[in-house]
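Comments concern the structure below.
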Amino acid sequence: MIYLSRRSFLAAAALALAGCRPRSAGTTVGSKNFTEQLILGELLAQYLQPFSPRGISRRFYLAGTYICHQALLAGRIDMYVEYTGTALAAILKEKKVLSGHEEVFEFVKEQYARRFGLEVLPPLGFDNSFAIVMRGPDARRLAVQRLSQLAPVSPSLRMGVGYEFLERPDGYAGLVGKYGLNFAEAPRVMDLGLMYRALESKQVDLIAAANTDGLIAARDLVVLEDDAHYFPPYDAVVIARREVLQSSPSIAAALSRLSGHISAEDMRRMNYAVDGEKKDAAVVAHEFLERRNSFAAIRQLY
C-alpha cells in the first residue's frame, strides 16, 4: 500500500512536469494514472492516427487532474479525457450548485474556453461518477444500501481514498459532512490501482472508486447509492488545445464524431478486460475500435 503526504505528492508532481521531454511535432495524447484513463488514451491515440499525418505520441500516467491540466496549458500534451464534475470542482473550483448533465457540461465548456482557451468536446457517452464501494457481505450484514444509511455504522469502518479524492472540493471532506460520517480513523490514502486489493484484503472497509470500474461487477461488491446527490455528473469529455483543432480540421471532425459512442457498459467491459483479465490496454482499445463499424465509416471520410 502506498501512502503519500501532501508535500511528497506535490514534489513528485513537480518532478514529473519538470522531467517531461520536449514534445513531438505530431499530436500528443495524455492520460491520468489509472486503468480507464490509459484505455481512453490508447483509444484516442489509435482512433486519431489516420487523421494525424505528423504522427501521434502518447504521454500517459500523468499523476492526476492538476498535472494533466497544467501539461495541456503548457503544450506538453494536446488533449486528454477529463470528467465534467472533476473539471467543475477541481479545476474551476465552482461553488454554485449545478446538477444536470447538460448544465454542468455547458458551464465547463464556456469556462474552459474563456479562462484557458481550451475546447471541451461533447461527452463521449458515459458518466463516471465517484462510487463508494463496500464488500457485499459487509453491506448485507450492516443493511447498508445507501450512503444515508452509513452514518450509524461509520465509527466501525475504515475508508480508502486516492490522493485527489482527499483534497478536492467534491471529495472526502464534503462527503463526510453531507452524510454525517465519522469513520474509525483518518482515511487511508493510496494509489488508485491498489484500492480494490486493500478492500478485498480487509485493510479498509470501503473505498472511493469509480462507477465504471470493471472489478465492481466481477467481485461481490456493492456501490452505495448517493441518495442525497452529493456528487455532480462526471461525463467523460475530450479537452483539447484550441490550436490543435484549428490547425487540424480532420482531427476536430473525427473527435466530434466520437462523442456519444462509448457507453458506461462499454467502459466497464474494457476496464475489466485490463484489470480482471490482464489484457494490454492497447489491445483492448484496438478491439473496441474494430468492433464499432461506425469508426471505420468515419475513417473513410478522410
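Within the 3.5 Å criterion, the main-chain N or O of Met267 finds a donor-acceptor partner in the side chain of Asn271. Counting only distance, with no hydrogens or angles, the side chain of Arg188 and the backbone of Gln203 share a donor-acceptor pair below 3.5 Å. One N or O on the side chain of Asp226 and one on the backbone of Phe231 form a donor-acceptor pair closer than 3.5 Å. The closest donor-acceptor contact from the side chain of Asn182 to the backbone of Pro155 lies at 3.5 Å or more, if one exists at all. Of the possible polar contacts, one joining the Ser247 side chain to the Val244 backbone as a donor-acceptor pair under 3.5 Å is found. Glu164 places a side-chain N or O within donor-acceptor distance of the main-chain N or O of Thr65, the cut-off being under 3.5 Å. Under the 3.5 Å distance criterion, the side-chain polar atoms of Tyr47 are matched with a main-chain donor or acceptor of Ala254. Of the possible donor and acceptor atoms, one in the side chain of Asp127 sits under 3.5 Å from a partner among the backbone N and O of Tyr234. Proximity of a side-chain donor or acceptor of Arg76 to a complementary backbone N or O of Leu72 within less than 3.5 Å is not detected. Remark: side-chain polar atoms of Ser129 are not paired, donor with acceptor, to backbone N or O of Pro233 under 3.5 angstrom.
Heavy-atom contacts from other residues, nucleotides or ligands closer than 6.0 Å to NZ of Lys93 number more than 12.
Side-chain polar atoms of Glu167 and Tyr66 form no donor-acceptor pair below 3.5 angstrom. Between the side chains of Asp191 and Tyr163, not a single donor N or O lies within less than 3.5 Å of an accepting N or O. Residues Tyr80 and Glu82 have side chains that bring a donor and an acceptor to within less than 3.5 angstrom of each other. Side-chain contact of Arg168 with Thr86: a donor-acceptor pair under 3.5 Å is present, judged by distance alone.
In terms of the side-chain contact (heavy atoms from CB on, under 4.5 Å) criterion, residue partners of Asp275 (sequence neighbours excluded) are, by chain and number, Thr35, Leu215. Not counting sequence neighbours, the partners of Glu119 by the side chain to side chain donor-acceptor pair (under 3.5 Å) test are Arg242. Among residues two or more places apart in sequence or in another chain, the side-chain contact (heavy atoms from CB on, under 4.5 Å) test is passed with His229 by none. With sequence neighbours left out, the salt bridge (charged side-chain N to carboxylate O under 4.0 Å, His left out) criterion links Glu110 to Arg114. In terms of the side chain to side chain donor-acceptor pair (under 3.5 Å) criterion, residue partners of Arg219 (sequence neighbours excluded) are, by chain and number, Glu200. Residues satisfying the side-chain contact (heavy atoms from CB on, under 4.5 Å) test with Arg268, not counting sequence neighbours, are Asn211, Thr212, Ala264, Glu265. With sequence neighbours excluded, the residues that form a side-chain contact (heavy atoms from CB on, under 4.5 Å) with Ala285 are Glu42, Leu43, Gln46. For Asp205, the salt bridge (charged side-chain N to carboxylate O under 4.0 Å, His left out) partners two or more places apart in sequence, or in a different chain, are Arg135, Arg158. The salt bridge (charged side-chain N to carboxylate O under 4.0 Å, His left out) test applied to Glu225 returns no partner, not counting sequence neighbours.
Once rounded to the nearest 0.5 Å, the distance linking CZ of Arg58 with CG of Leu38 reads 10.0 Å. Between the CG atom of Asp235 and the OG1 atom of Thr84 there is a distance of 4.5 Å, given to the nearest 0.5 Å. Leu175 contributes atom CG, which lies 11.5 Å from atom CG of Leu166 (distance to the nearest 0.5 angstrom). One distance of note links CE of Met134 with CG of Leu150; it measures 6.5 Å at 0.5 Å rounding. Of the inter-residue distances, the one linking Gln49 atom CD with Thr27 atom OG1 reads 9.0 Å to the nearest 0.5 angstrom. A distance of 11.5 Å separates CG in Leu124 from OG in Ser263, rounded to the nearest 0.5 Å.
Sorted by first then second residue, the side-chain hydrogen bond (donor to acceptor under 3.5 Å, both in side chains) pairs that include residues 276-286, not counting sequence neighbours, number zero. The list of ring-ring contact (aromatic ring centres under 6.0 Å, His included) pairs with a residue in residues 169-194, not counting sequence neighbours, is empty. Applying the side-chain hydrogen bond (donor to acceptor under 3.5 Å, both in side chains) rule to pairs touching residues 145-157 yields Ser148-Asp227, sequence neighbours excluded.
When all heavy atoms of Ala131 and Ala210 are compared, the closest pair comes out as CB-C, 3.9 Å. Considering every non-hydrogen atom in both Ser256 and Leu121, the closest pair reads N-CD2, 4.1 Å. In this structure, Gly85 and Asp170 approach most closely via the heavy-atom pair O-OD2, 3.8 Å. Counting all heavy atoms, side chain and backbone alike, Ile77 lies closest to Cys68 at CD1-O, 3.7 Å. Here the closest non-hydrogen pair linking Pro122 and Ser259 is O-OG, 2.9 Å. Nearest heavy atoms, Gly162 versus Val189: C-CG1, 4.1 Å.
Two residues are said to be in side-chain contact when any heavy atoms from C-beta on lie closer than 4.5 Å; Ser52 and Ile251 meet this criterion. Using a 4.5 Å heavy-atom threshold, the side chains of Gln37 and Val81 count as touching. You'll find the side chain of Asp220 reaches within 4.5 Å of the side chain of Arg140, heavy atoms only. Contact check for Val104 versus Phe107: no side-chain heavy atoms found under the 4.5 Å cut-off. Two residues are said to be in side-chain contact when any heavy atoms from C-beta on lie closer than 4.5 Å; Asn33 and Leu62 fail this criterion. The side-chain heavy atoms of Val29 and Met79, taken from C-beta on, include a pair separated by under 4.5 Å. Side-chain contact between His69 and Phe116 is present, with heavy atoms from C-beta onward closer than 4.5 Å. Put simply, the side chain of Ile132 reaches to within 4.5 Å of the side chain of Met159, judged on heavy atoms.
No chain of hydrophobic side-chain contacts below 4.5 Å, direct or via other Ile, Leu, Val, Met, Phe, Trp or Tyr residues, connects Ile56 to Val283.
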